[in-house]
Amino acid sequence: MTVRTRFAPSPTGYLHIGGARTALYSWLHARKHGGQFILRIEDTDRERSTQESVDAILEGMNWLGLDYDEGPIFQTDRFDRYAEVIEQLIEQGDAYKCYCTRDELDEMRETQRANKEKPRYNGKCRDRKDIPTDENGNPLDSVIRFKNPLEGDVVIDDMIKGEIIINNRELDDLIIARTDGTPTYNLTVVVDDLDMEISHVIRGDDHINNTPRQINMITALGKDVPKFAHAPMILGDDGKRLSKRHGAVGVMQYRDDGYFPQAVLNYLLRLGWSHEDQEIFSREEMIDLFKVENVNGAASTFNTKKLIWVNEQYIKTLPADEIAQHLQWHLDNQGLTIVEGDDYPALNDVIDAHRDRAKTLVELAAGIRYYYQDFESYDENAAKKHFKTATPAILQNLLDKFRQIEAWNADNIAAEIKNTCDELALGMGKVGPALRVAVTGTAMSPSLEITLDLIGKKRSLERLEKAVEFATAKYAD
RNA sequence: GUCCCCAUCGUCUAGCGGUUAGGACACCGCCCUUUCACGGCGGUAACCGGGGUUCAAGUCCCCGUGGGGACGCCA
């Protein structure tokens, strides 16, 4: 059997983290078995579906690298097909017109709730033969309901949750077509999953309750039931379901915050699934090792600190070229233009010098500014702390020695720094910090010889000259 | 309220009848160190409660409790 999975979001918002995880699971399952992954946009609710959301979902999928073999398929393009199936169900006697008004239904539900019952349609029109009309003789508005079996159990053999048994008495006759004739969710999923020959339906467990209804419809249509896998929800830090209020931001926010798509995927994968003690998985390993059956049945809490840690692992180990690719967006975003050339270091070298000091691409981009752009002023706290009365003399001494360096490299720079320390009988602790502030404008950087090497001789000397001036002026009066 | 799902360190998890209950994040020490980091070493920390079943239960069963979900002419 060919494995065919799908991700079927409704375009009523961005692609959020929970959706991204079920998409990932679906995608992995298809890739693992050499099958197809289909993207279907469930936009039958025309009121709430927007093009903007469609774009956001596509952008998110693309950023995460979850490529699909078919789609995006829009349900609104398939209304004829749904009408056909609805007609078939009516003809078979498995669906019927219901003339109950919204008010009647509301009242029914209210009464049931008051009686501590589960609110559900009472089947009033189920066996109705007449066609009620208004005062002008026109038929009343009606919806189409599916005739759900009255007795018996529906058994879901869920790949994640195990066997779930629901009695048909818990179900009611759901609406499959609205007054305006448009089909509803439960009907469209069934038709689409069948038509698209989906073998494995992997989705959030908030759909478990819909599953028995869908199985009943599939059975009524005489088709085979696909395998189901219901993945648990992701909860926010407060233990509540992740919602917009609780930080359920769109996946693109994670790009903006400086995460690698691969890190987000890795984090999402490990949230609710594990393989021995492994934490970091390459794309290939994910595909190779993932098994839906091993997905944890319990909901899990999203933890940003762990995501950051995962991201750090990627920033530490990814090839500089690849980091540079992802970094570019942030450089642009932060208005920093990289000009590699005679007086400027290669971006890859800078990345290698800084990769252990940044948790996110945002930090990385911000931390490398001084290699490519002169600073106007010194970090206030840094200057205050490290520019002392003795500083001008120290910096001048360094400056004199640096000028003599013919081959500007880390070894030679380190040697001259040491010479200055020896000559002035000062420890590195007295010389280093001032030098660092002088050439970077900040109190943090990689080790000095590397930093100076990257900044280059020309600009290192210029900055030192400026710093001598600044520090001298500071203690002039 | 009714139905469904779930339950091991604060968090993510391993465990599938007999373990000193393992790993990771976070946190706390120590070490390394010119800064910021990285790294190394060590530590604190968990089987929701009660009944069973069994020689033996974190592991199986039942009942509670707690959390989540569903109950739309939303998906």
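Lettering follows sequence order; numbering is per chain, from 1.
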Write down the distance separating the [atom1] atoms in [N] and [M], rounded off to the nearest Å.
N	M	atom1	answer
B:G50	B:G58	P	12 Å
B:A45	B:C3	C1'	37 Å
B:U19	B:C36	C1'	42 Å
B:A21	B:C47	P	12 Å
B:U8	B:A46	C1'	5 Å
B:C16	B:C32	P	42 Å
B:C31	B:A37	C1'	16 Å
B:C41	B:A24	P	10 Å

Please confirm whether any donor atom in the side chain of [X] sits under 3.5 Å from an acceptor in the base of [N], or the reverse.
X	N	value
A:Arg357	B:C38	no
A:Asn210	B:A75	yes
A:Thr179	B:C73	yes

Touch check for [X], heavy atoms < 4.0 angstrom, all strands: base, sugar-phosphate only, or nothing?
X	result
A:Glu117	base
A:Thr442	nothing
A:Pro9	nothing
A:Glu449	base
A:Ser445	base
A:Gly272	sugar-phosphate
A:Ala298	sugar-phosphate
A:Leu448	base
A:Lys430	nothing
A:His207	base
A:Glu279	base
A:Arg120	nothing

Can you tell me the Watson-Crick or wobble partner of [N], both distances under 3.5 angstrom?
N	answer
B:U35	none
B:G49	B:C63
B:U2	B:A70
B:A14	none
B:C27	B:G43
B:U19	none

[X] side chain: which of [options] is closest?
X	options	answer
A:Leu105	B:C3, B:A75, B:C73	B:C73
A:Ser10	B:G39, B:U34, B:A75	B:A75
A:Ala443	B:U35, B:C71, B:A75	B:U35

Could you state the [atom1]-[atom2] distance from [X] to [N], rounded to the nearest angstrom?
X	N	atom1	atom2	result
A:Ile160	B:A7	CD1	P	13 Å
A:Leu307	B:U13	CG	C1'	16 Å
A:Asn381	B:C36	CG	P	14 Å
A:Leu171	B:U2	CG	C1'	13 Å

So, does [X] get its side chain near the phosphate of [N], meaning an N or O under 4.0 Å from OP1 or OP2?
X	N	result
A:Thr301	B:C12	yes
A:Ser274	B:A14	yes
A:Lys118	B:C4	no
A:Asn296	B:A14	yes

Using modelled atom types and a 3.5 Å cut-off, is there a donor and acceptor pairing between side-chain atoms of [X] and backbone atoms of [Y]?
X	Y	result
A:Gln112	A:Arg120	yes
A:Arg463	A:Val439	yes
A:Glu87	A:Ala83	no

- Does B:C41 fall in syn (glycosidic angle within 90° of 0) or anti?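 Judged by the O4'-C1' to base torsion, B:C41 sits in anti, the angle falling more than 90° away from 0.
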
For the ring pair [X] and [Y], is the centre-to-centre distance below 6.0 Å?
X	Y	value
A:Trp27	A:Phe7	no
A:Tyr25	A:His230	no
A:Phe302	A:Tyr267	yes

- Query: Taking only residues two or more places apart in sequence or in another chain, which ones pass side chain to side chain donor-acceptor pair (under 3.5 Å) with A:Glu380?
  - Reply: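 Listed in chain order: nothing, the list is empty.
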
- Hey, which sits more toward the 5' end of RNA chain B by its nearest nucleotide, A:Tyr267 or A:Arg109?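 With A:Arg109 and A:Tyr267 compared, the 5'-side residue is A:Tyr267.
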
- Message: Pick the closest RNA chain B nucleotide for A:Gly162 and for A:Leu271 by heavy atoms, then say which residue is nearer the 5' end.
- Response: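 The answer here is A:Gly162.
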
- Mutual orientation of the aromatic rings belonging to A:Tyr314 and A:Phe260 [parallel < 30°, tilted 30-60°, perpendicular > 60°]: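 Aromatic pair A:Tyr314/A:Phe260 classed tilted.
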
- Task: Report, as yes or no, whether the 6.0 Å neighbourhood of atom CD on A:Glu107 holds more than 12 heavy atoms from other residues, nucleotides or ligands.
- Result: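 For A:Glu107, atom CD is not crowded (no more than 12 foreign heavy atoms under 6.0 Å).
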
